[in-house]
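Input: a single structure, listed below in C-alpha cells.
Proteins get letters first, then strands, A, B, ... in listed order; numbering begins at 1 in each.
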Number of protein chains: 2
Amino acid sequence: MGQGMSKSNNVYKDAYNRCLRLLDETRSLPSEPELGTLLGVSRTTVRSILARMEETGLIAWNKRAKTVLRDPRPDDFFPEEETDTLAEIIERSFMRRLLAGGAEAGMQINELELAREIGVGTTSVREFLIRFSRFGLIEKRRNSHWVLKGFTRAFALELTEIREMFELRSAAAFAALPQDSPVWADLDRLEDEHRLLAREIATRFNAFSELDERFHRLIHRASHNRFIVDFYDVIAMIFHYHYQWNKAQERERNEVAVGEHLAYIEALKSRDLGKVDAACRKHLKSARHTLLTSIPESRPLQKS
Amino acid sequence: MGQGMSKSNNVYKDAYNRCLRLLDETRSLPSEPELGTLLGVSRTTVRSILARMEETGLIAWNKRAKTVLRDPRPDDFFPEEETDTLAEIIERSFMRRLLAGGAEAGMQINELELAREIGVGTTSVREFLIRFSRFGLIEKRRNSHWVLKGFTRAFALELTEIREMFELRSAAAFAALPQDSPVWADLDRLEDEHRLLAREIATRFNAFSELDERFHRLIHRASHNRFIVDFYDVIAMIFHYHYQWNKAQERERNEVAVGEHLAYIEALKSRDLGKVDAACRKHLKSARHTLLTSIPESRPLQKS
DNA sequence: AAACTGTTTTTTCACGATAAAAGACATTAA
DNA sequence: TTAATGTCTTTTATCGTGAAAAAACAGTTT
C-alpha cells in the first residue's frame, strides 16, 4: 500500500466526508473559521475541503459566498478506510493479532516486524506501543523488545478490582452532587435512552455498548479525579474488544445490563448512599462475571 | 553538542564505568555471558568494554583469560553526564522548565522548541511526552500541541486520593500474607535500615527518600495488581522532584516520617488490620500535608 | 472595528536511514 | 558435550527530512 508516503491526509478526508453530510441541510456554508470549529479542524484544512467541493461542482465558492449547487452523491465520499488515523489502523491490527490466538503470554513483540506487517513506519509502531503500554498488557525490556503479558484471567481480575474501587467511589460522589448540578439532567437523558433501548432490546441490543460507555463515563467524571477518569480508557478499550469477540448470549446479557443500569440510575436519583452502593456493586459484579467467563481458565484468550 | 549523531553509546559507557568498579575486587574477570548478566547488557557491549580495557592497559585479554593488570584510575571512567539515557536528559530538562516558575497551567508545549532547546530530535521528545502523559500533568490536543495542566493543588489532591486508596488496600493485603512469604524478611531488613537511619538522622537525613520509595513499593507489590504497582511510578516521580525543590525543614520532616514508617512496620508485623489501617492512614496524612504545603494556594508551583 | 479571506510560517506526523545494541549462528576450547 | 569465544544478522534508538495540518500574519470586506 502507501509506501514512501510521508503522512496521509486522513484528517482532511474525514473532515471532507463530515462536511458532505452538512451539505444536505443548508443552501450555503458558514464562514471558514466557523466551519473549522464545527468540523474540529484548522482553517487550512477547511480551505482544502472547500477547494475540492468547488472542483467537483458541489458548491460555488467566491470569498464569503459558498452556495450549495447539488446534493452529494455516494461517490463524492472518500472511502471509509482512508479516513482512519494511523494510530487506529495500528491498534486494530495489533488487537487482531492479539486476539487471533497463538498470542501466548511471555511472547515477545517485534517493532520492525509489526511495522512491516502493517505497512507503516517503525516510529508510529513505537509510539503506539508506548501509548498502549498503559493498558497493562505489554511491558518494555530496557534497550530491547516488548513482552506480551497476555489477556489472562489475572489481567481481568486486576482490571476489575480497580474498576470497582473507582466506580464505587465515583458513584458515591455522584449521589452527593448538589441538585442544581447539570449531571442530573445528563442522567435523566441517559435514563430515557435506557428505557427506549429496553423496549427495543430485541432488535437494537448491539446499541448497548456505546450507551454503556457514556453512562459509566458520566459517573466516573463525578469523581473529579483525572486518574479515575483516565482509567476508564483502559476499561473502555478492553470492553470495546470484548464486545467484538464475545457474541455469546449478547442479547440476554445486554438486556440484563440495561435493567441493572436502570436500577443503578434509580439508586443515584434517590441519593441514598446505601442503595447506590448496592446497585453499583450488583452491576459491577455481573460485568466482571461476563468478562471472566469469556476468558478460558488461566490461558490466553482465544477468539470465540 | 552532539549533532547529526544517530545514537549515543551511553549503554556502553555506563556499563564500562560499572565494570571498572568490578575490577577492584578481582584478579580476573568472568566469562563474557556472565559479565553480560552481571552488567545487564548484551555480549556485544561486553566485548566493546573488554576491547577498550585491553587498549587502555587495564586488563590483558586473550580468549578466556582476562587478567587485571592495574587498578582503574579516576580518568579511566567516562564522565557521568555521558552515561545518561536520552529519556533521562529530556525528563530533567523538561522538569527543570516546569519547576523553574513561569510554567502556568494551560500553557502549551511545543515539541519542536523543546527538541531544539535540549538539542535532541523531535522523535525522542514526542516519545518522552507520550510516556510522561500518564502522570496526568500534560494532555494532548488531537493533531495539535500538548497542554500543560500544571503542578496545582488539585493535582496533588487527586494524586494523593488514589495513593491513599491503593496503599490502604495494599497494606491490608500485606498484613494478610502468610508467615512464610519472603516479604516478611524484606520487611525486617527495611526495619533495620530504618532504625539505623533513625539513629544517624542528623547527618544522613537525605538518605530517606530512597528508603521511602523502597518501603512503599514493597507494600504496593503485595496488592498483586499491576495497576496499583504501576501507579507508584507516578507517586515516585512526583516525590522525587518534590524532595529536590522543597528543602524546608527537610531533616525534621524526614525524622517524623521515619518514625511513622517504624510504627507502620510494627502494625504490619502485628497483622492486626485495625492497627495497620490506622498507622497507614496516619503516615499518608502527613505525607499529603507535606506535599500540599509546598504548593501555593491554587497556583502553579514555584521553586522554593 | 469586528470578522472574514488570502498568504506565509511553524508545527506535527510519519518516513527512511544509520549507528548502537541485542541476538543468533558457527566455531572452538575445556 | 557443554560452555565459551568469534562472527554475522537483526532489532532498537535516534536523527534529518518532507508533506499534512495548524497557526500566525496581513490584507479585505461588511
Side-chain angles (χ1 to χ4, degrees), chain A residues 2-15 30-36 40-50 61-66 85-87 89-90 108-116 119-130 140-146, chain B residues 2-15 30-36 40-50 61-66 85-87 90 108-116 119-129 140-146:
Chain A
Q3 67 188 12
M5 156 177 70
S6 237
K7 194 184 181 186
S8 92
N9 53 352
N10 67 80
V11 173
Y12 157 71
K13 287 178 176 172
D14 182 53
S31 77
E32 294 172 14
E34 208 169 323
L35 262 176
V41 295
S42 74
R43 249 189 78 215
T44 309
T45 305
V46 168
R47 297 187 112 242
S48 312
I49 292 171
L50 292 174
W61 181 24
N62 188 327
K63 310 207 168 169
R64 321 203 155 197
K66 305 170 197 86
T85 314
L86 239 207
I89 294 169
I90 297 175
Q108 68 188 61
I109 297 162
N110 189 319
E111 289 177 5
L112 203 60
E113 190 190 320
L114 250 180
R116 274 194 295 243
V120 298
T122 55
T123 313
S124 313
V125 169
R126 279 174 68 78
E127 288 181 4
F128 164 75
L129 291 172
I130 295 170
K140 176 99 181 126
R141 289 277 135 67
R142 229 2 175 70
N143 286 316
S144 183
H145 53 259
W146 291 84
Chain B
Q3 69 188 9
M5 155 177 70
S6 236
K7 193 185 182 184
S8 90
N9 53 354
N10 67 79
V11 173
Y12 156 71
K13 286 177 177 172
D14 181 53
S31 78
E32 293 173 14
E34 208 169 324
L35 261 176
V41 294
S42 74
R43 249 190 76 216
T44 308
T45 305
V46 168
R47 296 187 112 242
S48 312
I49 293 171
L50 292 174
W61 182 25
N62 189 327
K63 311 210 167 166
R64 320 200 157 200
K66 306 172 196 81
T85 314
L86 238 207
I90 296 174
Q108 70 188 58
I109 297 162
N110 189 318
E111 289 177 5
L112 203 59
E113 190 190 320
L114 252 180
R116 273 193 296 243
V120 299
T122 57
T123 313
S124 312
V125 169
R126 278 175 68 76
E127 288 182 7
F128 164 76
L129 290 172
K140 175 99 183 129
R141 289 271 142 32
R142 205 54 154 47
N143 285 317
S144 184
H145 53 258
W146 291 84

Round to the nearest Å and state the distance from [X] atom [atom1] to [N] atom [atom2].
{"X": "A:Ile130", "N": "C:dC13", "atom1": "CD1", "atom2": "P", "result": "14 Å"}
{"X": "A:Glu32", "N": "C:dA3", "atom1": "CD", "atom2": "P", "result": "16 Å"}
{"X": "B:Arg64", "N": "C:dA30", "atom1": "CZ", "atom2": "C1'", "result": "6 Å"}
{"X": "A:Glu127", "N": "D:dC15", "atom1": "CD", "atom2": "C1'", "result": "14 Å"}
{"X": "A:Trp61", "N": "C:dG6", "atom1": "CH2", "atom2": "C1'", "result": "9 Å"}
{"X": "B:Leu35", "N": "D:dA4", "atom1": "CG", "atom2": "P", "result": "11 Å"}
{"X": "A:Asn10", "N": "C:dC15", "atom1": "CG", "atom2": "C1'", "result": "15 Å"}

Could you tell me whether the phosphate oxygens of [N], OP1 or OP2, come under 4.0 Å of any side-chain nitrogen or oxygen in [X]?
{"X": "B:Arg116", "N": "C:dT11", "result": "yes"}
{"X": "B:Ser31", "N": "D:dA4", "result": "yes"}
{"X": "B:Lys13", "N": "C:dA21", "result": "no"}
{"X": "A:Asn110", "N": "D:dT11", "result": "yes"}
{"X": "B:His145", "N": "C:dT10", "result": "no"}
{"X": "B:Thr45", "N": "C:dA22", "result": "yes"}
{"X": "A:Arg47", "N": "C:dG6", "result": "yes"}
{"X": "A:Ser42", "N": "D:dA22", "result": "yes"}
{"X": "A:Lys63", "N": "C:dG6", "result": "no"}
{"X": "B:Asn9", "N": "D:dA13", "result": "no"}
{"X": "B:Arg126", "N": "C:dC13", "result": "yes"}
{"X": "A:Ser8", "N": "C:dC13", "result": "no"}

Assign each of A:Gln108 and A:Val120 to its nearest nucleotide of DNA chain C by heavy atoms, then name whichever residue's nucleotide is nearer the 5' end.
A:Val120
Residue whose closest nucleotide on DNA chain C lies nearer the 5' end, B:Trp146 versus B:Arg43
B:Trp146
Identify whether any heavy atom of [X] sits under 4.0 Å from a base atom; if not, whether one sits that close to sugar-phosphate; answer base, sugar-phosphate or nothing.
{"X": "A:Lys140", "result": "sugar-phosphate"}
{"X": "B:Ser144", "result": "sugar-phosphate"}
{"X": "B:Ile109", "result": "sugar-phosphate"}

Between B:Leu86 and B:Ala65, just flag the one whose closest nucleotide in DNA chain D comes earlier from the 5' side.
B:Ala65
Which residue lies toward the 5' end of DNA chain D, A:Leu112 or B:Asn62, if each is placed at its nearest nucleotide?
B:Asn62
Can you see which heavy atom on A:Ile90 is nearest to which on A:Val125, and at what distance?
CD1-N, 4.1 Å
On a heavy-atom basis, the closest approach of A:Thr45 and A:Tyr12 is CG2-CA, 3.8 Å
Check whether any side-chain heavy atom of [X] lies under 4.5 Å from a side-chain heavy atom of [Y], and answer yes or no.
{"X": "B:Leu35", "Y": "B:Leu50", "result": "yes"}
{"X": "B:Arg142", "Y": "A:Thr85", "result": "yes"}
{"X": "A:Arg64", "Y": "A:Ser31", "result": "no"}

Establish whether the base of D:dT12 is bridged to the side chain of B:Lys7 by a donor-acceptor pair shorter than 3.5 Å.
yes
Suppose we call a contact any N or O donor and acceptor under 3.5 Å apart; does that hold for the side chain of B:Thr44 and the base of C:dA20?
no
Measure the spacing between CD of B:Glu32 and OG of B:Ser42 and express it to the nearest 0.5 Å.
10.5 Å
B:Val41 has its side chain closest, among D:dT14, D:dA3, C:dA22, to C:dA22
Nucleotide nearest B:Thr123 when distance is taken to its side chain, options D:dA21, D:dC15, D:dT5:
D:dC15
